[in-house]
Amino acid sequence: MKRAIMSSGGSFKVQPPTYGKLITILSIDGGGIRGIIAATVLEYLESQLQELDGEDARLADYFDIIAGTSTGGLVMAMLTTPNKEKCPLFAAKDTKPFYLEHGPKIFPLKKMVLFGSIMKTLKSLIGPKYNGKYLHQVIEEKLGETPLHETLTNVVIPTFDIKNLHPTIFSTFEAREKPLMDARLSDICISTSAAPTYLPAHYFRTQDKDGNFHEFNLVDGGVAANNPALVATSQVTKQIMTGNPNFFPIKPIDYGRFLVISIGTGSAKVEQKYNAKIASKWGILGWLHNGGSTPIVDVFTQASGDMVDFHISIAFQALHSEENYLRIQDDTLTGTDSSVDIATKENMDKLVEIGTTLLKKPVSRVNLHTGLFEQCKNGGTNEETLKRFSKLLSEEKRLRDSNSPHTNKSSE
């Protein structure tokens, strides 16, 4: 007999970790149109939960925190924003069609003659490559006026304040405590997706009940944390340290109880398209444009992502909890596959294929010396490991539901 996921009233709110054994975290990298890769992996993960717990199962019902940067922030919002029935706006299987439908309009490809190409290149040097109008329209249409605190589970979204030059981290934890941080999800998603040179920075204000205002001048969260997994674990640590009763009141903090799934969007490391000889000749223009890519953006997004993976990999290995950390990433992309903005049907179909193939690949962990992913001994495939994690997530949810005095469970 399968447990009905939905409680009375239609809420998908997950019971807090204090009623269970684990703290569960899902993290989704930035990567523009390559979000299709992550969407493909997430669809598989949710399908496994549905096999265990019924077709109403949704990712938001199993994770204490879902973190997302840039395109990952948009996926996170689709998975956690409530619709009128207080259920997730999108099932995981619906995120991939979202990219396939809207990607070509977010990143329009225009065929130009030589003069037009020259003008486009000159324009990209004095302004963003895309005006962002369609992206803003779609995000506002889908997310509406939903404020941050109404997400169906806790979320974390990194952005970067270009005026004050520091990261601005949006989280439901802080939104509940500080009304001026309780921004509209649409504004937050537009901000975390505002990749320098590609899309314009985003300005907005929030206001509290006393009439106080706070200004935000934000760009892509990938500037600070393209892989937001570490930001998410830090948010949990902060909640434990400040005595949030929803988390284990255990000190020192037991990181062995963390279960983390970190989904990447692919990289072109293996291609090694840059080197010191080439880069030594670059000035401002070279760092901004080389061979159809933007090296400076590639550098800071890859660097921040790898530093996070280095840290979490070492921490979990030191705690003998490496089986509770899964990083799914493909660093073998080449050519247009590695682009963040080539949204042709051919390339998007290829990204779907890459995501599907990635599930069949062996579980890998980053080599701290080479930076490349290497196969884990006896680790199985990503697909097999996601099945194992799905069982852990389902068991954890059942435990919390049985221990919580607030759960109104039903069976089918």
Side-chain angles (χ1 to χ4, degrees), residues 26-48 59 66-79 90-104 106-107 189 192-193 195 198 220-222 225-229 260-271 293 297-298 301-302 304-306 308-309 326-366 372-373 381-386 389:
L26 175 63
S27 174
I28 311 164
D29 285 15
I33 197 63
R34 298 200 314 267
I36 291 173
I37 297 174
T40 303
V41 174
L42 292 169
E43 178 182 356
Y44 179 79
L45 174 59
E46 191 169 86
S47 73
Q48 294 307 299
L59 292 174
I66 300 181
T69 297
S70 193
T71 197
L74 181 54
V75 172
M76 173 280 303
M78 290 190 283
L79 297 175
F90 281 67
K93 67 180 177 60
D94 298 323
T95 57
K96 187 169 61 182
F98 174 88
Y99 280 96
L100 298 177
E101 177 184 353
H102 298 289
I106 294 171
F107 303 116
C189 286
T192 194
S193 302
Y198 287 93
D220 196 317
N226 200 54
N227 174 351
V260 180
I261 300 177
S262 176
I263 311 297
T265 57
S267 77
K269 276 190 177 185
V270 73
E271 197 172 29
S293 299
V297 174
D298 292 344
T301 55
Q302 195 63 56
S304 67
D306 281 356
V308 168
D309 197 30
L326 175 63
R327 172 68 170 165
I328 298 181
Q329 174 70 314
D330 187 339
D331 60 4
T332 65
L333 304 188
T334 58
T336 57
D337 300 347
S338 64
S339 169
V340 299
D341 65 336
I342 295 181
T344 61
K345 184 180 186 305
E346 179 183 11
N347 192 52
M348 291 191 296
D349 288 344
K350 183 66 181 298
L351 292 173
V352 172
E353 180 184 332
I354 290 170
T356 303
T357 302
L358 181 57
L359 289 167
K360 305 292 184 183
K361 289 187 175 182
V363 171
S364 301
R365 291 196 177 95
V366 68
L372 298 176
F373 278 77
T381 65
N382 289 319
E383 191 173 66
E384 292 167 342
T385 307
L386 283 175
F389 272 62

Might you work through the side-chain contact (heavy atoms from CB on, under 4.5 Å) test for Thr381 and Val363, ending with a clear yes or no?
CA-CA 5 Å; Thr381 65; Val363 171; 5.9 Å; no
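The pair Lys96-Glu43 counts as a salt bridge, with a side-chain nitrogen and a carboxylate oxygen less than 4.0 angstrom apart.
Side-chain atoms of Ser338 do not come within 3.5 Å of backbone N or O of Thr334 as any donor-acceptor pair. The closest donor-acceptor contact from the side chain of Glu383 to the backbone of Lys360 lies at 3.5 Å or more, if one exists at all. Looking only at distances, no side-chain donor or acceptor of Thr192 sits under 3.5 Å from a matching main-chain atom of Cys189.
At a threshold of 4.5 Å between non-hydrogen side-chain atoms, the residues Leu42 and Thr95 do not count as touching. For the pair Leu386 and Val41, the minimum side-chain heavy-atom distance is below 4.5 Å. Using a 4.5 Å heavy-atom cutoff, the side chains of Pro228 and Asp29 are in contact. Proximity of Leu358 to Ile328: side-chain heavy atoms (C-beta onward) are separated by under 4.5 Å at one or more points. The closest side-chain heavy-atom distance from Asp94 to Phe98 is not below 4.5 Å. In this structure, Asn227 and Ser262 have side chains that are in contact, with non-hydrogen atoms separated by less than 4.5 Å. Within the 4.5 Å cutoff, no side-chain heavy atoms of Ile106 are placed close to those of Ile33. Here the side chains of Leu100 and Ile36 are in contact, with some heavy-atom distance below 4.5 Å.
Under the rule for a side-chain hydrogen bond (donor to acceptor under 3.5 Å, both in side chains), the partners of Ser70 that lie at least two apart in sequence or sit in another chain are Asp220. For Thr71, the side-chain hydrogen bond (donor to acceptor under 3.5 Å, both in side chains) test picks out Tyr99, with sequence neighbours left out. Ser339 meets the side chain to side chain contact (heavy atoms under 4.5 Å, CB included) test with Asp341, Ile342; sequence neighbours excluded. Evaluation of the side-chain hydrogen bond (donor to acceptor under 3.5 Å, both in side chains) rule for Ser364 yields no partner, not counting sequence neighbours. Under the side chain to side chain contact (heavy atoms under 4.5 Å, CB included) criterion, Val340 pairs with Arg34, Tyr198, not counting sequence neighbours.
With values rounded to the nearest 0.5 angstrom, Phe90 atom CZ is found 14.0 Å from Leu59 atom CG. In this structure, the separation between CG on Leu359 and CG on Leu45 is 10.0 Å, given to the nearest 0.5 Å. Atom OG of Ser27 is separated from atom CD1 of Ile263 by 8.5 Å, given to the nearest 0.5 angstrom.
No more than 12 heavy atoms of other residues, nucleotides or ligands sit less than 6.0 Å from atom NZ of Lys93.
Closest of all the heavy-atom pairs between Ile28 and Ala38 is CG2-CB, 3.9 Å. Taking both residues in full, the closest heavy atoms of Leu79 and Ala91 are given as CD2-C, 4.2 Å, listed atom of the first, atom of the second, then distance. The minimum heavy-atom distance between Val308 and Ala229, with the atom names listed, is CG1-CB, 4.1 Å. Minimum heavy-atom separation, Leu351 to Ile37: O-CG1, 3.7 Å.
Pairs engaging residues 348-358 under the side-chain hydrogen bond (donor to acceptor under 3.5 Å, both in side chains) rule: Asp337-Lys350, Lys345-Asp349 [sequence neighbours left out].
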